[in-house]
Number of protein chains: 2
Amino acid sequence: MSKESLLPLLARHVLAHGLGQASLRPLAKAAGTSDRMLIYHFGTKEALLADLLGFVAGTYAQALDAALGGERAGTRGQALARILAHAQSEAMQPFMALWWEIVAGAARGLTGFALAAQAIMSELLGWLETQMPERDPDPRGGARYLLALIEGTLMLDAVGHGETAREGLLASGLSPA
Amino acid sequence: MSKESLLPLLARHVLAHGLGQASLRPLAKAAGTSDRMLIYHFGTKEALLADLLGFVAGTYAQALDAALGGERAGTRGQALARILAHAQSEAMQPFMALWWEIVAGAARGLTGFALAAQAIMSELLGWLETQMPERDPDPRGGARYLLALIEGTLMLDAVGHGETAREGLLASGLSPA
DNA sequence: GACGTCTTGTAGCAAGTGCTACGATTAGCT
DNA sequence: AGCTAATCGTAGCACTTGCTACAAGACGTC
């Protein structure tokens, strides 16, 4: 079992159970090894977590490319709707739960978390920029504006204020009225 | 030492060190008691956490009222700037770090976390509604729109994408150009 | 003073934590 | 074949976790 072949299994466990419960022995069982081997491969739990978060960020990038093909949106509102539908889909729910744990770690200054979070946000921002309407007057600023709005919406979703977010988007003038 | 007199001390410790490291013995030491007493008063760590998060939510409500007095903003942009300045202030930094942990817990479905998060968001939303400009065409929707934008901005701040958020706000048309 | 309830200290338990020591197996290279 | 280095299993260590058992003081009520 190589390091690389372990990462997907570890990620699966973390997506399902969260980072808080991610201790070596359960992780090892989920990956079909022993804690001894995890330490052997990664050296330290901290290093394991850093590698794991990097892997998750990479997986997210792939999922984004796969799910949201290339053609440009007609309006900012369409780009917004498209990405919200993706993030709110059933399949992305485990990732979203993990995402807020990554944000919390980044806010506490944990380096591995901050790096993964920045990578994921950069990925999403890059995708948003390619999605901006063809003759948008300010694609760069617009993409960043949408990014803030999207993340705020997803956060409100996560804490049970989804309806609040929906009304906010309606009032933003972006939604297809 | 009553339950109520313990809560501020416990909150201080959690704000400084985070929820992840919040185990009974360190908490007890920070509050000047023993783990035995914490269990005696709260019954369970889970119950302690729920009480503690409720207390933090209440404290946040007070801080909001105290720091951001009553007079209405002239424009949506002013309301936005005002609350962002508050949330990004040095004094609020420990609370913001704790906030993302609360969000992460809520996203994982932990009841105490979800309740506290909803209370805090409702408080902020209520305050935003009182701050909307006098002749705003849609104060209800506008407040919700601002809420999403604010939380997205704060999240990007937390993960080191503060500059991204700033550019997004500039492109929103809300900032005093 | 007697009684029962509330409060608190000291010890400790069973389980889980990250990590290490040591030995056995395997693989690759000469 | 013989040697070296990578890979892995078994035990275990020192420590922390949430929580409990047991007993002693504090305190108001009769």
Side-chain angles (χ1 to χ4, degrees), chain A residues 1-56 98 101-102 104-105 108-116, chain B residues 1-56 98 101-102 104-105 108-116:
Chain A
M1 279 251 187
S2 74
K3 199 158 145 172
E4 282 68 28
S5 71
L6 287 174
L7 283 174
L9 302 169
L10 296 175
R12 217 165 66 103
H13 182 261
V14 159
L15 281 169
H17 300 91
L19 285 171
Q21 315 300 334
S23 41
L24 287 181
R25 281 187 250 275
L27 279 174
K29 181 180 286 185
T33 357
S34 64
D35 56 327
R36 168 71 185 76
M37 280 300 100
L38 293 184
I39 294 296
Y40 174 77
H41 282 304
F42 298 93
T44 282
K45 190 195 175 182
E46 196 181 340
L48 185 156
L49 235 68
D51 275 20
L52 184 50
L53 292 182
F55 174 79
V56 168
L98 183 59
E101 295 186 289
I102 296 176
R108 285 262 169 230
L110 310 179
T111 342
F113 290 67
L115 288 178
Chain B
M1 280 251 188
S2 73
K3 198 158 147 173
E4 281 69 28
S5 71
L6 286 175
L7 283 174
L9 301 169
L10 297 175
R12 217 164 65 103
H13 182 262
V14 160
L15 282 169
H17 300 90
L19 284 171
Q21 314 300 334
S23 41
L24 287 181
R25 280 188 251 276
L27 279 174
K29 181 180 286 185
T33 358
S34 65
D35 57 327
R36 170 72 183 76
M37 280 300 100
L38 293 183
I39 294 296
Y40 174 76
H41 282 304
F42 299 93
T44 283
K45 190 194 177 184
E46 194 182 342
L48 185 156
L49 236 68
D51 276 20
L52 185 50
L53 292 182
F55 174 79
V56 168
L98 183 59
E101 295 186 287
I102 296 176
R108 284 264 169 229
L110 311 179
T111 341
F113 289 68
L115 288 178

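Note that these values count all heavy atoms, side chains included, but never hydrogens, waters or copies made by symmetry. These figures come from a predicted structure and were not determined experimentally.
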Enumerate donor-acceptor pairs with a distance under 3.5 Å from any side-chain N or O in residues 42-49 of chain A to protein atoms, sequence neighbours excluded.
residue, atom, partner, partner atom, Å
A:K45, NZ, A:A22, O, 2.9

Solution key, residues 28-39 of chain A side-chain donor-acceptor pairs under 3.5 Å, sequence neighbours excluded:
residue, atom, partner, partner atom, Å
A:S34, OG, A:M37, N, 3.4
A:D35, OD2, A:R25, NH1, 2.8

ask   = Once you round it to whole Å, what is the distance between P of C:dT7 and NZ of B:K3?
value = 11 Å
ask   = When you measure from every atom of DNA chain C, which of residues 24-39 of chain A have a heavy atom less than 4.0 Å away?
value = A:L24, A:R25, A:P26, A:D35, A:R36, A:I39
note = In this structure, CG of B:L27 is separated from NE2 of B:H17 (nearest 0.5 Å) by 10.0 Å
query = How close or far is atom C1' of C:dT20 from atom CZ of A:F42, stated in whole angstroms?
reply = 19 Å
query = For C:dC6, does either OP1 or OP2 sit under 4.0 Å from a side-chain N or O belonging to B:H41?
reply = no
query = Given atom OH of A:Y40 and atom P of C:dT25, what is their separation to the nearest angstrom?
reply = 17 Å
query = Are any of the side-chain heavy atoms of B:L52 and B:L7 separated by less than 4.5 Å?
reply = yes
message = I'd like to check A:E101 versus B:E101 (side-chain heavy atoms, cut-off strictly below 4.5 Å). Are they in contact?
response = no
remark   = A:H41 meets the ring pair (Phe, Tyr, Trp, His ring centres under 6.0 Å) criterion, sequence neighbours left out, with none
note = Residues passing the side chain to side chain contact (heavy atoms under 4.5 Å, CB included) test with B:P8, sequence neighbours excluded, are B:F55
query = Under the salt bridge (Lys or Arg N to Asp or Glu O under 4.0 Å) rule, what pairs show up with a residue in residues 2-15 of chain A, not counting sequence neighbours?
reply = A:K3-A:D51
ask   = Quick one: how far along DNA chain D does chain B reach, first to last nucleotide 5' to 3', anything under 4.0 Å to a heavy atom?
value = D:dT17 to D:dC22
